[in-house]
S.K.: 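Below is one structure. I have some questions about it.
When a residue number appears, it is its place in the shown sequence, counting from 1. In each ligand, atom 1 is the first atom listed, and ligand 1 is the first ligand listed.
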Amino acid sequence: MKISIIGAGYVGLVTGACLADKNHQVIVVDIDPDKVDKINQAIAPIYEVGLPELLERNVPDLLHATRDLRQAVLSTDLTIIAVGTPFNGQEINLSYIREASQQIGSALREKSGYHLVVVKSTVVPGTTDQVVLPILEAASGKRAGMDFGIGMNPEFLTEGVAIQDFMHPDRIVLGGIDTKSIQWMKEIYTGFDNVPQILTNNKTAEMIKYASNALLATMISFSNELGNLCSALGGMDIVDVMDGVHKSNYLSPLQLDGKRIEAAITSFLEAGCGFGGSCLPKDVKALVAHGEKAGARMALLNSVIQINERQHQQMIYRLKKHFPTLEGIRVAVLGLAFKPDTDDMRESPAIPIINDLLQQKAIVKAYDPVTNREAEKRFGRAVTFCGSLESAIEDAQAILLVTRWKEFLRLPEIIRSRQPSPLLIDGRRVLDKTQFHFYEGIGL
Ligand code: UDX
Ligand code: UDX
């Protein structure tokens, strides 16, 4: 199939590279000329495991990038919208969606033959039918359902394993205004055998995405709230508590051979210093705002956000137990990305943690295996960015582990010989607390 994708960010580019690898002819469109150039040289503009190999294999024969949206639409059968949908503080910002729809519609005016437009960006329920569809009709002068179709196909890509998630999906959700739209969309996924397909309308497809992310966010804030309670009450550790919870048959069913199948959701039932990323925070906020506009107050999800926005303070609180004033205290922040195996810093808990430290005049060094450059742009000279784990912690009085990078599991071995021993605050509870002289952890 000939496919154009508008927006070559994490979602658009991963989708494009994977579909090209499945033998579709793909054009990705982006307004950012650097991104376009890099893709056309088969260089990945973002860090995502497996992406360089896919680009190497498929550029230029099956995949190329352009800034020319009109030409991309005219030369393909199907256009996927994958531009960003940030939260603007009040509600979801649909301006990129509107702009993309407008331009696709103008191109469709010149196109003869049927075309399908698919929304992949995460958009609040109703957007595809009530925002995208009317803009496409007005700009193209054509009728949806007659001259072109519209579908909604949410992504369920987890950064770091996005390629794996795309190639081996747990489900494929296909919303559409009619059967023809859905039939065309199914073409994208030929070769994805034995994957459950949920065929529905656009609004339900949009909602499935929000419901999925809201559930994950709720699990995390639930675990964090309990972790904070464990700390406040003392004499117990959230890790042991959750281990007991995880052993329930709901979460890790015991099989007849005595082995357990651990449900992946248990990885969201662990306390930590908060969730970040381009999806969970903005999606929950957008859904709450959207609900409130419709007169549905969402008390639970509102709390999920509030708990998360305060959670990073647990790290500072633990630090201040040992250093009541932070002025002049040398602190190493380990991990800047919002989670491991990505260079993405969006909404990372590291950001408010570093801001708090700087505000209280601590001397901050930071290290992340991949994200240093992005962080340097954000914090400039206020923070010393280090090229290695060792250099980040060499003279630190306190070490804050914020992201679960595997490399940080080396900490016990590195710190063992250090005199005096620094304070280690484990924001992800990944280290063995018995290995450290001075250890603090979320939920301990
Ligand atoms: C995606 C989805 O689109 C978002 O709705 C979902 O919730 C999370 O994932 P993501 O791919 O992470 O967003 O966004 P980003 O990496 O910012 O990529 C968006 C791309 O679209 C950028 O490369 C940007 O340059 C491009 N863009 C944006 C356009 O090409 N045209 C525009 O008008 C706006
Ligand atoms: C998420 C969803 O997992 C994915 O299905 C959806 O399509 C997009 O949003 P992503 O944002 O890439 O993916 O990362 P995810 O692995 O879900 O982690 C989100 C955040 O939650 C990270 O900051 C992570 O550190 C945090 N997290 C996760 C916790 O704080 N505690 C946990 O127990 C699990």
Side-chain angles (χ1 to χ4, degrees), residues 5-16 28-36 38-39 45-46 48 65-67 69 72 80-87 92-104 119-124 127 154-162 165-166 169-171 206 208-210 212-217 219-224 227 238 242 264-284 286 308 311-312 335 337-342 344-350 402-405 427-430 442:
I5 301 180
I6 317 304
Y10 279 90
V11 172
L13 183 56
V14 166
T15 301
V28 290
V29 182
D30 206 287
I31 48 174
D32 179 346
D34 281 353
K35 234 175 228 185
V36 167
K38 281 207 173 112
I39 297 168
I46 50 161
E48 184 61 52
T66 179
R67 290 166 67 191
L69 185 148
I80 296 175
I81 301 179
V83 293
T85 49
F87 185 73
I92 187 170
N93 172 359
L94 293 175
S95 61
Y96 304 124
I97 293 280
R98 288 200 177 88
E99 181 58 30
S101 307
Q102 176 70 37
Q103 290 187 33
I104 296 166
V119 177
K120 195 173 256 306
S121 301
T122 303
V123 289
V124 288
T127 306
E155 48 85 15
F156 299 100
L157 306 178
T158 302
E159 284 183 27
V161 286
D165 278 354
F166 193 96
D170 47 4
R171 66 208 127 150
E206 291 163 334
I208 288 173
K209 168 70 189 205
Y210 278 99
S212 303
N213 276 359
L215 174 67
L216 299 180
M219 297 284 199
I220 299 171
S221 278
F222 166 79
S223 313
N224 288 344
I238 189 69
M242 281 318 204
I265 192 75
T266 53
S267 70
F268 289 84
L269 285 167
E270 287 168 2
C273 57
F275 61 80
S278 67
C279 291
L280 299 191
K282 92 163 175 15
D283 290 351
V284 182
N308 194 54
Q311 192 61 14
H312 74 277
F338 82 96
K339 64 171 207 176
D341 299 321
T342 176
D344 197 343
M345 260 193 92
R346 288 180 281 185
E347 305 270 343
S348 170
V402 177
T403 316
R404 266 170 202 266
W405 285 99
R428 296 293 170 190
R429 301 306 310 273
V430 284
I442 301 284

S.K.: Walk me through whether Thr122 and Lys282 qualify under side chain to side chain contact (heavy atoms under 4.5 Å, CB included).
M.R.: CA-CA 10 Å; Thr122 303; Lys282 92 163 175 15; 4.2 Å; yes

S.K.: Using a 4.5 Å cut-off on heavy atoms from C-beta on, say whether the side chain of Trp405 contacts that of Asp341.
M.R.: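 In short, these two side chains touch, coming nearer than 4.5 Å.
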
S.K.: Check ligand 1 against Ala82 and write out every atom of the ligand that is under 4.0 Å from a heavy-atom position of the residue.
M.R.: 3 (O)

S.K.: Can you report which non-hydrogen protein atom sits closest to atom 3 (O) of ligand 1, along with the distance?
M.R.: Val83 O, 2.5 Å

S.K.: Which residue and non-hydrogen atom of the protein lie closest to atom 30 (O) of ligand 2, and at what distance in Å?
M.R.: Arg428 NH1, 3.0 Å

S.K.: Measure the distance from atom 28 (C) of ligand 2 to every protein heavy atom, then report the residue, atom name and distance (to 0.1 Å) of the closest one.
M.R.: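 The closest one turns out to be Ile220 CD1, 3.6 Å.
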
S.K.: Take Ile5 and Val29 through the test side chain to side chain contact (heavy atoms under 4.5 Å, CB included) and record every step on the way to the result.
M.R.: CA-CA 6 Å; Ile5 301 180; Val29 182; over 6 Å; no

S.K.: Who's the nearest protein heavy-atom neighbour of atom 21 (O) of ligand 2, and how far?
M.R.: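 Closest protein heavy atom to atom 21 (O) of ligand 2: Phe275 CB, 3.2 Å.
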
S.K.: Should one rank Ser267, Ala162, Gly274, Ala350 by closest heavy-atom distance to atom 32 (C) of ligand 2, which comes out on top?
M.R.: Ser267

S.K.: Could you tell me which atoms of ligand 1, counted from 1 in the order shown, lie closer than 4.0 angstrom to a heavy atom of Gly84?
M.R.: 3 (O), 19 (C)

S.K.: Measure the shortest side-chain to side-chain distance between Ser101 and Ile81 over non-hydrogen atoms and say whether it is less than 4.5 angstrom.
M.R.: yes

S.K.: With only distance considered, is Asp32 within less than 3.5 Å of ligand 1 through an N or O on each side?
M.R.: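 No, no N or O pair falls under 3.5 Å.
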
S.K.: Under 3.5 Å, is there a donor on one side chain and an acceptor on the other for Ser221 and Asn308?
M.R.: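 No donor-acceptor contact under 3.5 Å links the two side chains.
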
S.K.: Salt-bridged, Arg428 to Glu270, with N to O below 4.0 Å?
M.R.: no

S.K.: Would you check the N or O atoms of Asp283, main chain and side chain alike, for any that come under 3.5 Å of an N or O of ligand 1?
M.R.: no

S.K.: Please report which non-hydrogen protein atom sits nearest to atom 25 (O) of ligand 2, along with the residue it belongs to and the distance in Å to one decimal place.
M.R.: Phe338 O, 3.4 Å

S.K.: How far is atom 6 (C) of ligand 1 from the closest protein heavy atom, and which atom is that?
M.R.: Thr122 OG1, 3.4 Å

S.K.: Would you give the length of the straight line joining atom OG of Ser121 to atom NZ of Lys209, rounded to the nearest 0.5 angstrom?
M.R.: 10.0 Å

S.K.: Of all the atoms in ligand 2, which lie at a distance below 4.0 Å from a heavy atom belonging to Glu155?
M.R.: 7 (O)

S.K.: So which heavy atom in the protein is nearest atom 26 (C) of ligand 1, and how far is it from that ligand atom?
M.R.: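 Of the protein heavy atoms, Asp30 OD2, 3.2 Å lies nearest.
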
S.K.: With atoms numbered from 1 as shown, which atoms in ligand 2 lie under 4.0 angstrom from a non-hydrogen atom of Phe156?
M.R.: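 Here the atoms of ligand 2 in question are 7 (O).
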
S.K.: If I take atom CG from residue Leu269 and atom CD1 from residue Ile220, how far apart are they, to the nearest 0.5 angstrom?
M.R.: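 Output value for this atom pair is 9.0 Å.
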
S.K.: Once you restrict to heavy atoms under 4.0 Å, what part of Leu216 touches ligand 2? Side chain, backbone, both or neither.
M.R.: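 Within the 4.0 Å criterion, Leu216 contacts ligand 2 through side-chain atoms alone.
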
S.K.: With a 4.5 Å limit on heavy-atom distance, are the side chains of Gln311 and Ile442 in contact?
M.R.: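 Answer yes - side chains close enough.
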
S.K.: Measuring from the heavy atoms of Ile31, does anything fall under 4.0 Å of ligand 1?
M.R.: yes

S.K.: Distance check, rounded to the nearest 0.5 Å: Lys120 atom NZ versus Thr85 atom OG1?
M.R.: 13.0 Å

S.K.: Do Arg346 and Cys279 have side chains that approach each other closer than 4.5 Å (heavy atoms only, starting at C-beta)?
M.R.: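 Side chain of Arg346 against side chain of Cys279, heavy atoms only: no contact under 4.5 Å found.
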
S.K.: Any nitrogen or oxygen of Ile6, main chain or side chain, under 3.5 Å from a nitrogen or oxygen of ligand 1?
M.R.: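 Between Ile6 and ligand 1 (N or O atoms, distance only) the closest approach is not under 3.5 Å.
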
S.K.: Can you tell which part of Leu280 has a heavy atom less than 4.0 Å from ligand 2: side chain, backbone, both or neither?
M.R.: side chain

S.K.: Mind checking whether Leu157 and Tyr10 have side chains closer than 4.5 Å, heavy atoms only?
M.R.: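 Side chain of Leu157 against side chain of Tyr10, heavy atoms only: no contact under 4.5 Å found.
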
S.K.: I'd like to check which ligand 1 atoms, numbered from 1 as shown, lie under 4.0 Å from a non-hydrogen atom of Gly9.
M.R.: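 Atoms satisfying the 4.0 Å criterion: 11 (O), 15 (P), 16 (O), 18 (O), 20 (C), 23 (O).
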
S.K.: Nearest 0.5 angstrom please: Lys38 NZ to Asp34 CG, how far?
M.R.: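 Result: 6.0 Å between the selected atoms.
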
S.K.: Below 4.0 angstrom from a heavy atom of Thr85, which ligand 1 atoms are there? Numbered from 1 as shown, please.
M.R.: 4 (C), 5 (O), 7 (O)

S.K.: Quick one: do the Arg171 and Ser212 side chains pair a donor with an acceptor below 3.5 Å?
M.R.: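 There is such a pair between these side chains.
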
S.K.: Could you say whether the N/O atoms of Val11 and ligand 1 ever approach to under 3.5 Å?
M.R.: yes

S.K.: Any side-chain heavy atom of Glu206 sitting closer than 4.5 Å to one from Pro154?
M.R.: no

S.K.: Using a strict 4.0 Å cut-off to heavy atoms of Lys35, name the atoms of ligand 1 that fall inside it.
M.R.: 22 (C), 23 (O)

S.K.: Measure the shortest side-chain to side-chain distance between Ile92 and Thr127 over non-hydrogen atoms and say whether it is less than 4.5 angstrom.
M.R.: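 Counting from C-beta outward, Ile92 and Thr127 never come under 4.5 Å.
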
S.K.: To the closest 0.5 Å, what do you measure between CZ (Phe268) and CG (Leu215)?
M.R.: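 Rounded to the nearest 0.5 Å, the CZ-CG separation comes to 9.0 Å.
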
S.K.: Less than 4.0 Å is my threshold; does some heavy atom of Lys120 fall inside it relative to ligand 1?
M.R.: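 Contact absent.
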
S.K.: Using a 4.0 Å heavy-atom cut-off, say whether Asn213 meets ligand 2 through its side chain, its backbone, both or neither.
M.R.: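 It is the side chain that touches ligand 2; the backbone stays farther off.
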
S.K.: Does Lys282 come within less than 4.0 angstrom of ligand 1, counting non-hydrogen atoms of the residue?
M.R.: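 It does, in that a heavy atom of Lys282 comes within the 4.0 Å cut-off of ligand 1.
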
S.K.: Check each heavy atom of Ser121 against ligand 1 and say whether those closer than 4.0 Å belong to the side chain, the backbone, both or neither.
M.R.: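 It is both backbone and side chain that touch ligand 1.
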
S.K.: Using a strict 4.0 Å cut-off to heavy atoms of Gly276, name the atoms of ligand 2 that fall inside it.
M.R.: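 The atoms of ligand 2 under 4.0 Å from a heavy atom of Gly276 are 19 (C), 20 (C), 22 (C), 23 (O).
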
S.K.: May I ask you to list the atoms of ligand 2 that are less than 4.0 angstrom from any heavy atom of Glu270?
M.R.: 31 (N), 33 (O)

S.K.: Where does Arg346 meet ligand 1, judged by heavy-atom distances below 4.0 Å: at the side chain, the backbone, both, or neither?
M.R.: side chain

S.K.: Nearest heavy atom to atom 33 (O) of ligand 1 wins, so pick from Tyr210, Tyr10, Tyr96.
M.R.: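 When every heavy atom of Tyr210, Tyr10, Tyr96 is considered, Tyr96 comes closest to atom 33 (O) of ligand 1.
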
S.K.: Less than 4.0 Å is my threshold; does some heavy atom of Ala100 fall inside it relative to ligand 1?
M.R.: no

S.K.: At what distance, to the nearest 0.5 angstrom, does CG of Leu69 lie from CD1 of Ile6?
M.R.: 4.0 Å

S.K.: So does Phe156 have more than 12 non-hydrogen atoms from other groups sitting under 6.0 Å from CZ?
M.R.: yes

S.K.: Sub-3.5 Å donor-acceptor pair from the side chain of Glu48 to the main-chain atoms of Gly160, do we have one?
M.R.: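 Indeed, once roles are kept as given, a pair shorter than 3.5 Å links the two residues.
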
S.K.: Suppose we measure from atom 14 (O) of ligand 2 to each protein heavy atom; which comes out shortest, and what is that distance?
M.R.: Lys339 NZ, 3.2 Å

S.K.: Starting from atom 5 (O) of ligand 2, what is the nearest protein heavy atom, named by residue and atom, and what distance separates them?
M.R.: Thr158 OG1, 3.7 Å

S.K.: Do any nitrogen or oxygen atoms of Leu157 come within less than 3.5 Å of a nitrogen or oxygen of ligand 2?
M.R.: yes

S.K.: Could you check atom 9 (O) of ligand 2 against the protein and tell me its nearest heavy-atom contact, residue, atom and distance included?
M.R.: Cys279 CB, 3.3 Å

S.K.: Under 4.0 Å, counting heavy atoms only: does Lys209 come that close to any atom of ligand 2?
M.R.: yes

S.K.: Identify the closest protein heavy atom to atom 12 (O) of ligand 2: which residue and atom is it, and at what distance?
M.R.: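 I find the closest protein heavy atom is Glu159 N, 2.8 Å.
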
S.K.: Taking the side chain as every heavy atom from C-beta outward, state whether Glu347 and Phe338 have any atom pair closer than 4.5 Å.
M.R.: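 When only atoms from C-beta onward are counted, Phe338 and Glu347 do not touch, as no gap falls below 4.5 Å.
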
